[in-house]
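The structure under discussion appears below in the form of structure tokens.
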Amino acid sequence: MAARPELMDYDKALEMFEPVVGFEVHVELSTKTKMFSDAPNEFGGEPNTNITPVDLGLPGSLPVVNGQAVKYAISLGLALGCSIAPTSRFARKNYFYPDLAKNYQISQSDEPIAFEGSVEVEMPDGTLFTVPVERAHMEEDAGKLTHVGGSTGRIQGAEYSLVDYNRAGVPLVEIVTHPIIGAEHLAPELGAAYVETIRDIVRGLGISEAKMERGNLRCDANISLRPRGQEKLGTRTETKNVNSFRAVERAIRYEIQRQAAILAAGGSITQETRHWHEDTGRTSAGRPKSDADDYRYFPEPDLLPVEPSLELIDELRAALPESPAVMRTRLKAEWGFTDLEFQDVKNAGLLGEIVETVSAGSSPQAARKWWTGEIARLANAAGPEVEASSLVTPQQVAELITLIDSGELTDRLARQVLEGVIAGEGSPSEVVEKRGLKVVSDDGALIAAIDDALAAQPDVLAKIRDGKVQAAGAVIGAVMKAMKGQADAARVRELVLERAQA
Amino acid sequence: MPDPRRGPNRLGAMSEITREQVEHLAGLARIALTPDEIEKLTGELGHIVDSIAKVQEVAGQDVPATSHPIPLSNVFRDDVVGETLTQEQALAGAPEHDGSRFKVSAILGEEQ
Amino acid sequence: MSDDLIRLSAADLASKLASGEVSSVEATKAHLDRIASVDKDVHAFLHVSEAALQTAAEIDAKRKAGEKLGPLAGVPIAIKDVLCTSDMPSTSGSKILEGWVPPYDATVVAKLRAADLVPLGKTNMDEFAMGSSTEFSAYGPTHNPWNLDRIPGGSGGGSAAAVAAFEAPLALGSDTGGSIRQPGAVTGTVGVKPTYGSVSRYGAIALASSLDQVGPVSRTVLDSALLHDVIKGHDKRDSTSLRDEWPSFADAATAGLAPGSLQGVKIGIVKELNGDGFQQGVKARFADAVALLTSAGAEIVEVSAPSFEYAISAYYLILPAEASSNLAKFDSVRFGLRVNPEGGGTVEQVMSATREQGFGPEVKRRIILGTYALSAGYYDAYYGSAQKVRTLVQRDFARMFDEVDILLSPSAPTTAFPIGEKIDDPLAMYLNDLTTIPANLAGIPGMSIPMGLADEDGLPTGIQLMAPAREDARLYTYGAALEQLFEQSWGHTLISKAPSLSASEQSAATEGVV
């Protein structure tokens, strides 16, 4: 077979084909205990310690549903605009895999807790796109495999694998969209924006940590192409392992280009699972979907139907926070940001940080300035994976801004304080104390320094007295230097003009 | 080898179970059946399926399915942490472990 | 003395223990001696507890210290190996779990311990409770104490045989399609399948979750009632567990002994459960029973359950389907057997080799059947249809119970058949549960009590009583009444005619003639 380019130019691909995407997002719920056992909902610690006989699938053990997880799932369903099923059922999804303790996953099949909703997703240009949601259902997470031996730590070439079941049974809600048509060339951006919106929704509900980098939020992206003008959907691939918003976007773009190249060359797409590789920016083929995927779903006989009362649903509906789209409109107005300013904040993923900083007492503009300015710069400098929100807390930023507003810190000093906070030296006040960074507000010390500077530059003094006020800059500079920057430049200026006339 | 599909069963009907089907089912169920077992099961399963297929005769559209003998619903647990197994207890029955995790031989293929 | 102790009912033993006439150590020792003497031949036990005497001594000490103890305190009990015990291996009769000691007790076992019963050991069973003869145990068959060449029924042949052979006054069983009642019938003992959900399933190694129910095995109706009183009740670890407040079943059984307790009781004879294919001796004893009941003032009516014709088919779809999934956990990763294929292999190959070698033929047969019934394209026709038949069976029961207080049928179509006779004929084997399966499909309680010996082979037959869901007390009242009626008409208990099995009388036992 003749070599052909692996990828088609993106614009050309869009010219020839219409992209159709779909998403399966798994959200780990932050309940105290697991979905079907009273083991702590914690993992990452000492392996195989947060487990009961249920999580280990020991013979004779039986699952019992976590009522809180059900409430969380209903709240999420409502936030996604879904109908809540009057009767929903758990089902067993049967397949063998060593991380699946019982070799079946308790999930929901044809009777999910929530179905048919939609999510308004804000695109990078500020327009809204409606993503149709097919269903949201409850299920349990699997354990964690570690592959040992081989060169990459990956499954291929491993000599053996180790299993830790601490994560087994962690409650999940899986949100499945309908095929999404119409995003066109913005399909990759839509993917990232959709997953981000889901993150915002679940964080707003307080039902998940929703950290993609920790796997609290996981996305599988389904992508297919169809020739322009064709009604029938093309064969889709399901790309897994996309662990950041950016990865979702890149993976979709890559798959569009890859599939377009194959289709344009007369080839056909294999329905398969594909894996995203962050390092190479490519996807690779995984397991083909086939008849072997016979999960033999049947109603879980150990569990009973979930039949939420209308009262419960109404109660949970009343407690819903506003949707991210509504919240954004409100915040933009409340904060008085320009379109550009708001867009910057949103694209940087810093809305939540600013909300919290403002609620801790800062002005919206000061909060915006620090988060999108210095803090974002420091995050960037620390590495591509470092998020601004991981460096400092909104409370620390608010304290910093308070210190600036009260005149105790200059912007320049505040930047040093910030570095100290990030370095773990304590709260802003503590850093000020430890590093001795307080602004000199003792007028006596300033006046002495100003008088010295004026005496050293008699020509400047003369100009000021002639009314050429801008000449004061040279003196102010000298004073600030003498004070090692720990002075409020505005106050220095005031005093310089005052002393010049003395 | 005789085609198992052609073997008449006890009721005189043709069994619909083929050798390939039994092989496929054994794969799904992760049982490495021997060729002899597959042969034997193909015949037996045919007989059994023929004799139990009659459930379809009375399973009308209007009859609801019963999955639990005694109807109950909304059986939930409070979200309160209980007793867990120790690592030692968890690993006590394991055929192989590394001191903290269960050990299995290499997994063919991709992550699920 | 020790021979007298083993022949006491649990109730009588309990009262001697309570009065101090007998110690639990003495009672336990008597049963351990009996096991040592006869179990080589009967093979009811897979494991005999090393802690039994110690446990008994502790209970004696508590009693001596004046602690208030339960009605069965100090009474020894055998436990079917399907139940998890933290101090004894729990194998469910399978090689795949050989030697596995669970890190926890089944809820019913914990209740036994809390009520100060003395676990004697674990009893043999068909592998994962799949079978009607205990021949499918991976550890060899159990022999019927009435005739050691015959099967003791199954899957709980070990528990029934232990009780019939006076190795234990009480035992726990589990009943998915008749595994308590059918062994009861063929060993001349009493067995009860409670209302689904009235006894916790937590720690019972699951066969078919929507059918399994743990229940008592004994030699008298009152003894089963006393044991049922110990194990019943809600368990938060079992979602299907009922929250009902249950009456005292012992009181219910005692009430049945009052004169005239059967007067005016409406009893339904299920037409479909007493027809062709039933052994002549079984039909004759059943006719005797009906005549006795009539003479005691009961009103007998024939009722019909058209759906029962389909029940066994539905059962052999639902059970294998659920079992195929329940048994997937036996994969060599976390517990149990691991078989490495020659030259190693992937985890898939290790799992497949383990399951090939670890499971016996009946387990494999049902797993493959269940996998088939659930697989894409067949679900609606098989599993889906079977669930609908289940609805029809429930409707038939509801209709019949509108008319009568209790239903009667023979507990099993035949007496104990020779070991080996049906082992290669799965369909013939499946028919043994014809009479008991409908109760499991509907979740209703059922009881088997001794009905006399069949003329042609001198072996025990059993009669089954069925009551509406949650009406287990009715079984005990009418069961105790009928038991009394039988024993008055025979002039003795049936079990008193069982061979003694003592070493010197071995030959009499194998003849199996009373």
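What you see is a predicted model, and the numbers here were worked out from it, not measured in a lab. Proteins get letters first, then strands, A, B, ... in listed order; numbering begins at 1 in each.
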- [ ] State which residue, out of L242(C), I444(C), T240(C), fulfils the side chain to side chain contact (heavy atoms under 4.5 Å, CB included) condition with I70(B).
- [x] L242(C)
- [ ] Identify the two heavy atoms, one from Q56(B) and one from Y382(C), that lie closest to each other, and give their separation to 0.1 Å.
- [x] NE2-CE2, 3.6 Å
TODO: Can you see which heavy atom on A32(B) is nearest to which on A353(C), and at what distance?
DONE: CB-N, 4.2 Å
Task: Contact origin within A29(B) toward chain C - heavy atom pairs under 4.5 Å - done: both
Task: E96(B) vs V333(C) side-chain heavy atoms within contact, under 4.5 Å - done: no
Task: Proximal component of A442(C), with respect to chain B [non-hydrogen, under 4.5 Å] - done: backbone
Task: L72(B) versus chain C, the contacting section by heavy-atom distance below 4.5 Å - done: side chain
TODO: Please report the shortest heavy-atom distance between S313(C) and S51(B), naming the atom on each side.
DONE: OG-O, 3.3 Å
Open item on the list: What part of T34(B) gets within 4.5 angstrom of chain C, counting heavy atoms only: side chain, backbone, both, or neither?
Closed with: both
Task: Side-chain donor-acceptor pair present, Q21(B), Y372(C), cut-off under 3.5 Å - done: no
Task: Sole residue of I312(C), L427(C), L369(C) in side chain to side chain contact (heavy atoms under 4.5 Å, CB included) with I52(B) - done: L369(C)
Task: Options V104(B), V55(B), L41(B), ranked by heavy-atom pairs under 4.5 Å with chain C, top entry - done: V55(B)
Task: Least distance between heavy atoms, K103(B) atom then R338(C) atom - done: O-NH2, 2.9 Å
Would you be so kind as to tabulate the donor-acceptor pairs closer than 3.5 Å made by side chains of residues 58-68 of chain B, with sequence neighbours excluded?
| residue | atom | partner | partner atom | Å |
| --- | --- | --- | --- | --- |
| T66(B) | OG1 | T391(C) | OG1 | 2.6 |
| H68(B) | NE2 | P301(A) | O | 3.1 |
| H68(B) | NE2 | L303(A) | O | 2.7 |

Task: Check: Q394(C) side chain, P69(B) main-chain N or O, donor-acceptor pair, under 3.5 Å - done: yes
Task: Check: R30(B) and E356(C) side chains under 4.5 Å, non-hydrogen atoms - done: no
